[in-house]
There are 2 protein chains.
Amino acid sequence: MKCGTEKSEDRIREAAKRVFLKKGFDGTTSRDIAKEADMNIALTNYYFRSKEKLFLEIFKDVLEEYFQSMLTILNKDIDIKTKISEIVDNDFEMMKREPDLVIFIMNEMHKAPQRLFPDMSVFRQVRETYLKKQIEEGVANGTVRPMLLENILPLIKCGVEFIFMGKEIHKELFMMNEEEFAKYAEEQKEHIKAMVCNYLILA
Amino acid sequence: MKCGTEKSEDRIREAAKRVFLKKGFDGTTSRDIAKEADMNIALTNYYFRSKEKLFLEIFKDVLEEYFQSMLTILNKDIDIKTKISEIVDNDFEMMKREPDLVIFIMNEMHKAPQRLFPDMSVFRQVRETYLKKQIEEGVANGTVRPMLLENILPLIKCGVEFIFMGKEIHKELFMMNEEEFAKYAEEQKEHIKAMVCNYLILA
DNA sequence: GTATATTTTAAATGATTGTTTAAATTTATC
DNA sequence: GATAAATTTAAACAATCATTTAAAATATAC
C-alpha cells in the first residue's frame with residue numbers, strides 16, 4: 001500500500017528541485033526530472049499530476065527556505081548591529097550553499113508573479129518580526145535613523161545577494177577566477193556590514 | 001537586392017529582443033518571435049540562421065545597453081559624490097524604462113555563462129574608467145575610504161537593481177500596489193545615495 | 001521587358017514536449 | 001497463499017518545437 005511510496009515521491013521532489021533550480025521552469029523537461037531521479041517518466045504525473053503542480057509545490061518550499069533562516073535571526077534578542085551582521089553572514093552562507101536559489105526565485109516571480117499564490121504566511125512573519133519593534137524603539141530614542149523595516153531590510157540583503165546573483169558578470173567584468181571571487185565576496189560582505197551599520201546606527 | 005531587407009531583419013531583431021527580455025531564451029519559441037514581428041516563421045532562420053544565433057546577437061546588444069549609459073557617467077569630470085548620485089539616478093531610470101533587462105542578463109549569464117562570449121570590450125571600458133582614477137587619488141589624499149573600483153561599483157548599483165529585480169517579491173512581502181512601490185523605490189534610491197556617500201567619502 | 005537575384009510564403013521535416021494508457025509488477029490485506 | 005490495491009513500466013498520444021524545403025512573389029540588373 002505505501003511502502004516505497006514516500007521514497008519515490010520524495011526522490012522525484014528532490015530531483016525536481018535540483019533541476020528546476022538549475023534550469024528554471026521553462027528550461028526543465030519532465031524527462032530531465034525523471035532522469036535526475038532515475039525513475040520512469042510517468043511517475044512525475046502519477047505523484048504530482050503535472051509538471052506545473054510539481055513546480056508550484058517546490059517553489060513554495062524554496063520560498064520558505066529563503067526566508068526561514070533569516071526569520072530566526074530577525075526575532076533573536078540581540079542588538080541591531082549584531083543582528084545586521086548575522087543577517088549578512090547568513091545570507092552569505094546561503095548564497096554559497098545554494099547559489100541558484102535567489103536568482104531562481106526572482107526570475108520565476110518576475111516572469112509569472114500571478115501563479116505563485118499569495119497565501120504565504122512567511123511574508124506576514126517577516127513583516128511582524130521583532131526587528132521591526134527594535135527599529136521603532138531605536139527611532140523613538142534617537143539611536144536609529146528614522147526608517148521602516150521595509151526600507152532597511154533590502155539595504156541589508158541587496159549587497160551580498162546582488163554580487164552572487166551576478167557572480168558570472170562580476171567574474172567576467174573584473175577578471176576574477178573562482179577563488180578570487182570567493183575572496184572578493186568576503187571583502188564585500190564586510191563592507192556591507194560596515195556601510196549599513198554606519199548609516200543606520202546614529203550613535 | 002536590398003530594399004525591404006534591413007527593415008525585415010530589424011523588425012525581427014526588435015521583436016526578438018522584446019520577447020527574449022520578457023520570457024528568456026528557454027521560454028521563447030521561434031513562433032513567438034515571428035508572431036511578435038508579424039512575419040513568417042521561416043524568416044527568423046533566413047536572416048539569423050538559428051534561434052541561438054539571434055539570441056547571441058541580441059544578448060550582446062543588451063549587455064552593451066546595460067553598461068553604456070553608466071560608462072558615460074563614470075567618465076564625466078564631476079566630483080565623486082555627484083557621480084554616485086548620477087549613477088544611481090541613471091540606474092533607476094533604466095530599471096523603470098526596461099524592467100526586464102537586468103534580471104534577464106543575470107539569469108541568462110547564470111544559466112549558461114560560457115556561451116556568452118568574453119570578447120566584450122565594454123568590460124574593459126568599465127575597468128578603465130575615469131572614476132577609477134578619481135578613487136585612487138581620493139584614497140591617496142585621504143578623502144576616500146581605501147577601496148577599489150570593483151568594491152565600490154556594486155555597492156552603488158546593488159540597491160536600486162535589487163529592489164527592481166525583486167519587485168514582485170517586495171510588492172508581495174510589504175503589501176504594496178504599483179504606485180506604492182513606485183514611491184517606495186524613490187525613497188530607497190535616496191537612502192542608497194546617502195548610505196554609499198556616507199561610507200565612501202571621508203570628509 | 002526579360003533575366004537574375006532576393007525575399008517571402010506555405011508546408012513539411014524529424015525531434016521533443018507534457019501527458020496518458022493499459023499492462024506488468026510489487027505490496028498490503030485477509 | 002489468494003485477492004485487492006498500489007506502484008512501476010514501456011509505449012503511445014497529440015501538440016509543439018526549431019529548422020528546412022521548394023515554390024511563389026518581389027525587387028534588381030541589364
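These values consider heavy atoms only, across backbone and side chains, with no hydrogens, waters or symmetry-generated copies. So you know, we letter chains A, B, ... as the sequences are listed, proteins then strands, and number each from 1.
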Check: Ion pair present between B:Lys183 and B:Glu179, side-chain N to carboxylate O less than 4.0 angstrom?
Finding: no
Checklist line | Ring centres under 6.0 angstrom apart (B:Phe55, B:Phe20) | finding: yes
Note to self: Under 6.0 Å between ring centres: does that hold for A:Phe174 and A:Phe181?
What the structure shows: no
Notebook entry, point to check: Are the aromatic ring centres of B:Phe162 and B:His170 under 6.0 angstrom apart?
Noted result: yes
Next item on the list: Please state how far atom CD in B:Glu9 lies from atom P in C:dT6, giving the value in whole angstrom units.
Entry: 14 Å
Notebook entry, point to check: Between C:dT8 and B:Ser8, is there an OP1 or OP2 to side-chain N/O distance shorter than 4.0 Å?
Noted result: yes
Check: Under 3.5 Å, is there a donor-acceptor pair between the A:Glu161 and A:Tyr66 side chains?
Finding: yes
Margin query: In this structure, how many angstroms lie between the P atom of D:dT21 and the CZ atom of B:Arg49, rounded?
Written below: 13 Å
Checklist line | Whole-Å distance separating the OH atom of B:Tyr46 from the C1' atom of D:dT26 | finding: 11 Å
Check: Between D:dA6 atom P and A:Tyr47 atom OH, what is the distance in whole Å?
Finding: 11 Å
Note to self: Under 4.0 Å from OP1 or OP2 of D:dA18: is there any side-chain N or O of B:Asn45 that close?
What the structure shows: no
Next item on the list: Answer yes or no: is there a side-chain heavy-atom contact under 4.5 Å between A:Lys83 and A:Leu131?
Entry: yes
Notebook entry, point to check: What integer distance in Å separates A:Glu52:CD from C:dT17:C1'?
Noted result: 15 Å
Check: With a 4.0 Å cut-off on heavy atoms, is B:Ser50 in touch with a base, just the backbone sugar-phosphate, or nothing at all?
Finding: sugar-phosphate
Next item on the list: Quickly work out the B:Phe48 CZ to D:dT20 C1' distance and round it to whole Å.
Entry: 18 Å
Margin query: Ring centres under 6.0 Å, that's the criterion: do B:Phe123 and B:Phe67 meet it?
Written below: yes
Check: Taking atom C1' of D:dT7 as reference, at what distance in whole Å does atom CZ of A:Arg11 sit?
Finding: 13 Å
Next item on the list: Spell out protein contact along nucleotides 11-16 of chain D as letters: B when the base is contacted, S when just the sugar-phosphate is, - when no protein heavy atom is under 4.0 Å; keep the 5' to 3' order.
Entry: -B----
Item checked: Integer-rounded Å distance: D:dT8 C1' and A:Asp38 CG -> 13 Å
